[in-house]
Protein chains: 2
Amino acid sequence: MVSRRTDQQTAIRAFIQEVDRPVRVDEIMQGAGESVPGIGSATVYRAVKAGLQAGWLVEVHLPGDRRTAYEMAGKDHHHHFECNNCGKVYDVEGCPGHLSKLIPSGFVMEDHELVLYGRCNVCV
Amino acid sequence: MVSRRTDQQTAIRAFIQEVDRPVRVDEIMQGAGESVPGIGSATVYRAVKAGLQAGWLVEVHLPGDRRTAYEMAGKDHHHHFECNNCGKVYDVEGCPGHLSKLIPSGFVMEDHELVLYGRCNVCV
DNA sequence: GTCGTTGCAAAGCGTTTGCAGCCTA
DNA sequence: TAGGCTGCAAACGCTTTGCAACGAC
């Protein structure tokens with residue numbers, strides 16, 4: 001199975017790369033749809049799944065939102081900030097660290113996920 | 001609209017209180033179903049929604065799981081630990097703190113959510 | 001021309017809602 | 001008895017999948 005280059009795939013990847021923050025499927029459809037009108041949701045879902053497997057995309061799960069978001073992989077370790085007003089999600093660099101001291105003895109920590117909430121610089 | 005006490009409501013609340021960790025609707029149905037066989041999912045969904053509004057329940061969102069979990073409200077500030085092996089979720093006391101220093105200037109932090117992953121003491 | 005890709009529509013999955021009958025107060 | 005509560009099934013929103021037409025190579 002050799003993959004082929006199509007306008008849809010190109011537009012989807014270009015859009016996600018360009019916005020540089022986690023985006024959901026509906027946003028991708030809208031964004032990539034400006035380059036390729038009429039793009040179908042199944043195509044976007046298939047593209048992000050392929051991106052995840054290929055390793056250039058990662059999932060971002062936002063508590064309270066049933067819809068999965070996606071962003072480019074390969075960034076430095078970071079977390080996310082969701083604006084309580086406009087709903088946009090931003091990357092935040094840095095990490096509190098030393099989290100393994102929080103867990104009970106006998107448990108082993110392998111990873112963590114942190115989401116901050118508040119108001120972004122536009123909505124303050 | 002005066003609420004009435006029913007076996008289902010009692011069983012649902014008793015189960016959630018008893019397990020003392022976040023549980024999903026399917027788990028509640030199974031657990032409460034031992035006291036009240038044949039309990040319907042709609043009843044559980046309506047009960048947890050009522051619990052949220054009444055304030056004795058809080059939602060717990062687990063990244064990567066589309067299903068919302070619930071636990072008793074009123075606990076001290078805490079976070080959650082999900083076992084990568086058995087999938088169970090445990091409360092972890094404590095908090096890294098000083099998170100507002102992570103966000104860009106111009107942003108205002110109002111809240112945060114942290115989930116740790118790894119192996120619980122049973123699955124190590 | 002081959003066969004991976006696309007868009008549509010149908011199917012899945014968790015959750016919500018309409019409704020007739022049940023049961024608490 | 002009144003009207004809130006329950007279970008069933010249909011409806012919903014997001015995501016996945018089947019399928020015939022399309023188009024990259």
Side-chain angles (χ1 to χ4, degrees), chain A residues 1-16 22-71 82 87-89, chain B residues 1-16 22-54 56-71 82 87-89 115:
Chain A
M1 192 277 242
V2 180
S3 66
R4 297 170 180 174
R5 176 173 306 281
T6 66
D7 293 345
Q8 289 87 341
Q9 307 274 347
T10 304
I12 290 168
R13 181 160 180 168
F15 174 72
I16 298 173
V23 283
R24 301 182 309 259
V25 168
D26 55 89
E27 296 178 272
I28 299 172
M29 272 214 283
Q30 186 180 330
E34 293 184 9
S35 312
V36 187
I39 191 170
S41 61
T43 298
V44 177
Y45 279 108
R46 281 186 279 238
V48 298
K49 184 186 266 185
L52 293 173
Q53 290 185 327
W56 59 267
L57 251 195
V58 292
E59 292 188 328
V60 177
H61 299 284
L62 300 163
D65 192 341
R66 198 128 61 280
R67 298 166 293 183
T68 303
Y70 304 88
E71 70 177 348
E82 181 174 13
K88 272 203 177 125
V89 180
Chain B
M1 190 289 236
V2 179
S3 66
R4 296 172 181 176
R5 177 172 305 280
T6 66
D7 292 346
Q8 289 86 342
Q9 307 272 348
T10 303
I12 290 169
R13 181 161 181 168
F15 174 72
I16 298 174
V23 284
R24 300 181 310 258
V25 168
D26 55 89
E27 296 178 273
I28 299 172
M29 272 213 284
Q30 186 181 329
E34 294 184 8
S35 312
V36 187
I39 192 168
S41 61
T43 298
V44 177
Y45 279 109
R46 281 187 277 237
V48 298
K49 183 186 266 184
L52 294 172
Q53 291 186 325
W56 58 268
L57 252 196
V58 291
E59 292 188 327
V60 176
H61 299 284
L62 300 163
D65 192 340
R66 195 127 75 270
R67 298 166 294 181
T68 303
Y70 304 87
E71 71 177 349
E82 181 174 13
K88 271 204 179 127
V89 180
V115 181

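The chains referred to below are lettered A, B, ... by the order of the sequence lines, with proteins before strands, and numbering in each begins at 1. Being a predicted model, the structure only gives us computed values, none of them experimental.
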- prompt: Is any side-chain nitrogen or oxygen of B/Gln8 closer than 4.0 Å to OP1 or OP2 of D/dG7?
  reply: yes
message: Let me confirm one number: the CD1-CD distance from A/Ile39 to A/Gln9, rounded to the nearest 0.5 Å.
response: 8.5 Å
query: Tell me: CD1 of B/Ile39 to P of D/dC8, nearest whole Å?
result: 11 Å
field: Any side-chain heavy-atom pair of B/Val58 and B/Glu71 under 4.5 Å
entry: yes
- prompt: Tell me: CE of B/Met29 to C1' of C/dC13, nearest whole Å?
  reply: 12 Å
Straight-line distance of B/Lys88 NZ to B/Glu27 CD, nearest 0.5 Å: 8.0 Å
message: How long is the straight-line distance from CD of A/Gln8 back to CZ of A/Arg46, given to the nearest 0.5 Å?
response: 11.0 Å
- prompt: Looking at OG1 of A/Thr6 and CD1 of A/Ile12, how far apart are the two atoms once the value is rounded to the nearest 0.5 Å?
  reply: 7.5 Å
message: I need the B/Arg13 CZ to B/Arg5 CZ distance, nearest 0.5 Å.
response: 8.5 Å
- prompt: Nearest-Å distance, CD (B/Glu27) to P (C/dT15)?
  reply: 12 Å
task: Take atom CZ of A/Arg13 and atom C1' of C/dT5, then tell me their distance rounded to the nearest Å.
output: 17 Å
field: Below 4.0 Å: OP1/OP2 of C/dG4 and any side-chain N or O of A/Ser3
entry: no
- line: Heavy-atom contacts, protein to nucleotides 15-24 of chain D, under 4.0 Å, summarised as B (base), S (sugar-phosphate only) or - (none) per nt, yield BBBB----BB
- request: To the nearest Å, give me how far apart CG (B/Asp65) and P (C/dC13) are.
  value: 14 Å
task: Would you work out how much the helix from C/dG1-D/dC25 to C/dA25-D/dT1 bends between its ends, with each end axis defined by five base pairs, to 10 degrees?
output: 20°
query: Do B/Tyr70 and B/Val60 come within less than 4.5 Å of each other through their side chains, counting heavy atoms only?
result: no
task: Please list all pairs passing the side chain to side chain donor-acceptor pair (under 3.5 Å) test where one or both residues lie in residues 52-66 of chain A, with sequence neighbours left out.
output: A/Glu59-A/His61, A/Asp65-A/Arg67
